[in-house]
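The structure displayed is predicted, hence computed values, not measured ones. Proteins come first, then strands; the chains are lettered A, B, ... in the order of their sequence lines, and each starts at number 1.
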2 protein chains.
Amino acid sequence: MGATKTEHFTDRQNAIAILIKALAHPARVAIVEYLMKVNTCICGDIVNELPLSQPTVSQHLKELKTAGLIKGTIEGNAICYCLDEKSISKLEDYFANISTRLEKKKNCC
Amino acid sequence: MGATKTEHFTDRQNAIAILIKALAHPARVAIVEYLMKVNTCICGDIVNELPLSQPTVSQHLKELKTAGLIKGTIEGNAICYCLDEKSISKLEDYFANISTRLEKKKNCC
DNA sequence: ATTCTTTATCGTAATATTGCAATATAATAA
DNA sequence: TTATTATATTGCAATATTACGATAAAGAAT
């Protein structure tokens, strides 16, 4: 054992879990918050912003990109990163939907 | 190495990452969605709803509870579970905030 | 008191994640 | 061409997560 039993869950559940998982690490939260904070795309200084080695940051960026949370386009010698609004919206909608449904509910706990 | 370097990130970043991580698994997504779907608290049939063994489900429930996403109160012989609206709201607000800020931004990617 | 039911914990195997040094790749600058 | 700079990949050690059988704990039912 040890591996997640994805085959037992719906595609939708697996997909949202993957998207959520991409942000389930403080380094990746920090990257997303940095990209949000600055007012343009960032071409090339993300490594310097984080207290981790260049290979580690590169790996986190790759995970965020694979999950679709950020976009990166090659800009000459550097890479230009920014957030992908669509996937952020997906997460927002997901939790907003749960919240809305909860308000209509009677909880006993 | 192998352990997350939490000491390098802010408390806020670590806290949101922990909350997000609690949902970064399809089984826990399924539990939360089940608790959202049914119209009352659920006292005792969560194990039967999931395609995983009882110890595994118990472990996932514990993680959700530790993170504050669900509440569980002892109800005689069973345990009565429901979602904790506050932590769901926290997630909703977090992503809504990012979305709002992104709209005001000029992206070049 | 004994049994049944429900949930938790322990122990452990399988797998995944995190982090970095070393190295590779690729565009730019000299 | 030969650096230099920016990013990616490889390989690996440390740690964490996932899953479940076995067992424990605790209240309910008999």
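Across all strands, A:L52 comes closer than 4.0 Å only to sugar-phosphate atoms, never to a base (heavy-atom distances). Backbone-only contact: A:T4 has heavy atoms under 4.0 Å from sugar-phosphate atoms and none from a base.
At a threshold of 4.5 Å between non-hydrogen side-chain atoms, the residues A:E33 and B:R12 count as touching. You'll find the side chain of B:D84 stays beyond 4.5 Å of the side chain of B:L69, heavy atoms only. A 4.5 Å side-chain heavy-atom check between A:K71 and A:K65 finds every atom pair outside the cut-off.
Rounded to whole Å, atom P of D:dT17 lies 14 Å from atom CG of B:L64. Distance NZ (A:K65) to C1' (D:dT9): 14 Å, rounded to an integer number of Å. As rounded to whole Å, 11 Å separates atom P of C:dT18 from atom CZ of B:F9. The distance between atom CD1 of A:I74 and atom P of D:dT7, rounded to the nearest whole Å, is 11 Å. Nucleotide D:dA8 holds its C1' atom 15 Å from the NE2 atom of A:H60, rounded to whole Å. In this structure, the CD atom of A:E75 is 18 Å from the P atom of C:dA26, given to the nearest Å. Protein atom CD1 of B:I31 is 11 Å distant from nucleotide atom P of D:dT18, rounded to whole Å. Distance CD1 (B:I79) to C1' (C:dT7): 6 Å, rounded to an integer number of Å.
In this structure, A:H8 and A:A78 both approach DNA chain D, and ranking their closest nucleotides by distance from the 5' end singles out A:A78. Heavy-atom distances to DNA chain C give each of A:A3 and B:T6 a nearest nucleotide, and the one nearer the 5′ end belongs to A:A3.
Minimum atom distance to the side chain of B:N77 is reached by C:dT5, of the listed C:dT5, D:dT5, C:dC20. Checked against D:dA8, C:dT7, D:dT17, the side chain of A:S58 finds its nearest nucleotide in D:dA8. With distances taken from any side-chain atom of B:P55 to the nucleotides C:dA21, D:dA19, C:dT9, the minimum falls on C:dT9. Residue B:Q59 has its side chain nearest to D:dC20 when only D:dC20, C:dT6, D:dA6 are considered. Distances were taken from every side-chain heavy atom of B:E63 (C-beta onward) to each of C:dC20, D:dT18, C:dT28; the shortest belongs to D:dT18. The listed nucleotides are D:dA19, C:dC20, C:dA8; the one nearest the side chain of A:S53 is C:dC20.
Scanning atom types as modelled, no donor and acceptor separated by under 3.5 angstrom connect the side chain of A:Q54 and the base of D:dA6.
Applying the 4.0 Å criterion to OP1 and OP2 of D:dT17, one finds that B:K21 has a side-chain N or O inside that range. For the pair B:K62 and C:dT9, the criterion of a side-chain N or O lying under 4.0 Å from OP1 or OP2 is met.
Ring geometry, A:H60 versus A:H25: the interplanar angle falls from 30° to 60°, so the pair is classed tilted.
Within a 6.0 Å radius of CG in B:D11, no more than 12 heavy atoms belonging to other residues, nucleotides or ligands are found.
Residues A:D45 and A:Y34 bring a donor and an acceptor atom of their side chains to less than 3.5 Å of each other.
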